[in-house]
Amino acid sequence: MNQNRILQPTTIVIFGATGDLAKRKLFPAFYNLYIDGRMPKGFNIVALGRAENTDELFRNYIKENLESFSRKKVTSEDWAGFQAHITYFQHQLDEESSYQNLQQKLQDFDAVYGIRANRLFYLSIGPNFISTISNHIKTTALASDPKKDRIIIEKPFGHNKQSAIELNSLLAKTFEEEQIYRIDHYLGKETVQNILAFRFGNSIFEPLWKHKYIESVQITVAEEVGVETRGAFYEQTGALRDMIQNHLLQILCMVAMEPPASLQSGEIRDRKVDVLKSIRRISPDQVDHYAVRGQYGKSTINGVDVKGYRQENGIAGDSNTETFAAIKFYLDNERWKDVPFYVRTGKKMKEKHSYITIQFKPLPHSTFSDSPHLLSANRLIINIQPMMDIRLQFMTKKPGLTLDLKPAEMIFDNFACQEDTPEAYETLLQDALLGDLTLFMRSDQVEEAWDVVTTIQEAWENNKDLSFPNYKAGSWGPEDVNALVERQGHNWV
Ligand code: BG6
């Protein structure tokens with residue numbers, strides 16, 4: 001991973017620099033890296049936009065947004081230093097001459113650095129532009145040095161397995177695999193990275209991390225927000241594509257992977273692909289047994305009327321898009337034989353809470369079988385957000401004259417250790433500047449992850465769910481989701 005490497009002068013080119021992601025995540029991340037002294041000594045951010053604009057106006061716009069979205073306070077001193085690195089560049093995505101002008105601009109920066117700098121192209125634009133941009137980058141030789149030039153691609157990476165394969169081969173015409181950084185921002189989250197440290201930095205958990213001791217694993221990513229302004233995008237996407245194919249499967253990989261031999265990016269990514277390959281594929285007639293979908297309907301939350309999904313902007317009145325998805329996965333390998341991995345995610349749920357639950361098996365025989373208190377099996381909860389902690393639940397003696405038991409909890413609070421936790425994008429952008437691919441998705445990972453969800457995706461697309469809307473905004477999802485786990489004698493935690 002990214003320890004102790006020296007950053008080379010870099011020119012960062014942001015396609016879609018006037019968009020939402022750039023103002024909320026990218027510029028704040030670069031700004032915070034800058035304050036922390038983690039940007040290269042020589043760097044420039046070239047912000048591409050279609051409209052005419054000046055550096056000054058664009059910088060002011062960025063400053064206003066930093067005030068809302070930056071983790072660290074915007075001080076006049078830091079801002080004065082940072083803003084000088086931002087250049088606005090008017091650019092038309094489909095005009096070759098625009099790329100030639102950009103090439104000239106980058107060469108001008110190189111002349112000032114005194115070397116051919118690294119180039120980092122950030123594609124913060126809709127997926128339908130990737131092909132145009134990638135082709136122009138090739139014909140104008142903007143990324144001509146595979147050792148120095150990199151491209152970052154935002155999700156969604158394709159909309160199914162076939163389109164992901166096509167996108168991969170299209171990118172391969174311009175870039176080598178080592179130049180391509182496919183972002184899944186969940187991998188940049190501190191608490192998700194901590195799964196690696198927790199599992200492989202301790203000797204006491206790994207021996208228990210297998211089917212012999214673990215009964216089930218649950219991964220929940222519940223969101224309180226709805227589709228907000230992204231109705232048109234979401235209507236074509238749905239929870240399975242938007243969250244499970246990427247974020248939840250990546251978390252599952254971190255929980256389930258075999259110990260990597262080293263922290264080399266290739267090694268870690270290989271182990272994750274192994275997990276994806278081992279996930280049992282199901283047939284179309286098994287979809288209802290393994291997966292549940294939902295769509296939120298209108299509701300009243302704290303006295304306020306809340307719209308249902310079908311009433312949101314850009315959504316069809318009879319939409320078949322799922323805003324909630326839950327799936328039971330099995331991994332056909334030695335470690336996880338017969339252990340269900342339940343994953344669920346949804347919009348407009350009761351609260352924002354992402355967490356992993358490792359449910360250990362009950363004791364085979366209890367010395368305390370006469371105790372008036374039921375024994376709870378041990379459980380490990382890894383809270384990803386907004387809480388960032390790890391909780392181990394176990395039984396302990398109730399203080400007193402009798403030998404009664406009660407459940408207790410041991411908590412490691414990530415927040416308490418380090419309040420100033422970097423944002424996922426800071427980690428990921430720093431890694432991209434350093435040329436560290438560990439936290440990015442390799443082509444085979446993306447394709448395999450699509451393969452895992454294909455059957456469910458096709459079944460849901462081709463069969464309208466007549467029960468939609470089937471959960472109320474502000475609830476924990478459709479009722480059917482309970483049956484998914486109860487069939488195995490389990491409960492959602
Ligand atoms: C994005 C999805 O990838 O992740 C969004 O497209 C979702 O729909 C978001 O809201 C959740 O990210 P986070 O970091 O807020 O949990």
Side-chain angles (χ1 to χ4, degrees), residues 16 19-26 28-29 32 68-71 122-127 152-159 164 181-195 219-252 254 293-296 309 312-315 319 321-326 343-356 382-388 414-415 421-429 439-441 445-446 449-450 453 457 473 477:
D20 216 46
L21 183 77
K23 78 174 183 201
R24 283 171 186 267
K25 298 289 182 190
L26 306 184
N32 283 280
S68 313
F69 300 117
S70 169
R71 180 167 63 85
Y122 200 115
L123 268 53
S124 173
I125 37 93
I152 304 185
I153 314 253
E154 267 296 326
K155 69 174 266 280
F157 197 85
H159 55 271
Y181 291 67
R182 299 175 192 79
I183 275 210
D184 182 319
H185 78 278
Y186 266 60
L187 293 179
K189 290 186 190 276
E190 277 286 300
T191 37
V192 174
Q193 290 182 68
N194 196 27
I195 301 170
I219 301 171
T220 298
V221 176
E223 295 190 89
E224 218 176 323
V225 291
V227 290
E228 301 184 303
T229 52
R230 300 159 74 223
F233 159 78
Y234 198 85
E235 182 68 344
Q236 303 302 320
T237 310
L240 184 66
R241 285 191 174 114
D242 188 40
M243 300 293 286
I244 295 198
Q245 185 271 344
N246 35 73
H247 305 326
L248 279 92
L249 280 181
Q250 285 305 308
I251 298 175
L252 187 152
M254 302 284 265
R293 56 180 155 164
Q295 186 190 76
Y296 63 86
Y309 177 69
E312 307 267 19
N313 276 345
I315 309 300
S319 169
T321 301
E322 79 286 352
T323 58
F324 175 98
V343 308
R344 63 175 165 168
T345 183
K347 297 232 177 254
K348 279 272 184 239
M349 296 192 62
K350 194 162 179 61
E351 61 189 46
K352 178 180 168 85
H353 192 182
S354 304
Y355 58 105
I356 304 163
I382 301 175
N383 278 312
I384 297 173
Q385 64 184 24
M387 288 183 287
M388 301 167 79
N414 234 351
F415 258 138
T421 308
E423 279 272 329
Y425 274 92
E426 291 171 44
T427 305
L428 295 170
L429 289 172
L439 299 178
F440 296 86
M441 312 270 290
Q445 259 175 299
V446 180
W450 277 118
V453 298
Q457 189 186 314

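All ligand and atom numbering here is 1-based and tracks the order in the structure. Numbers here are sequence positions counted from 1.
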Practice task
Check whether the side chains of T229 and N313 place a donor and an acceptor atom closer than 3.5 Å, and report yes or no.
Solution key: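 No - no donor-acceptor pair under 3.5 Å links their side chains.
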
Handout entry: Pairing residues for E235 by the salt bridge (Lys or Arg N to Asp or Glu O under 4.0 Å) criterion, not counting sequence neighbours
Key =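 E235 satisfies salt bridge (Lys or Arg N to Asp or Glu O under 4.0 Å) with no residue once adjacent residues are dropped.
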
Does some side-chain heavy atom of [Y] sit less than 4.5 Å from a side-chain heavy atom of [X]?
| X | Y | result |
| --- | --- | --- |
| E312 | Y234 | no |
| L21 | Y425 | yes |
| M387 | Y355 | no |

Exercise for the section: Please work out which of the three classes, parallel, tilted or perpendicular, describes the rings of Y181 and F440, given edges at 30° and 60°. Expected result: perpendicular

Completion exercise
Those residues with a heavy-atom separation under 4.0 Å from ligand 1 are K155, H185, Y186, K189, E223, R230, D242, M243, H247, K347, K352, Q385

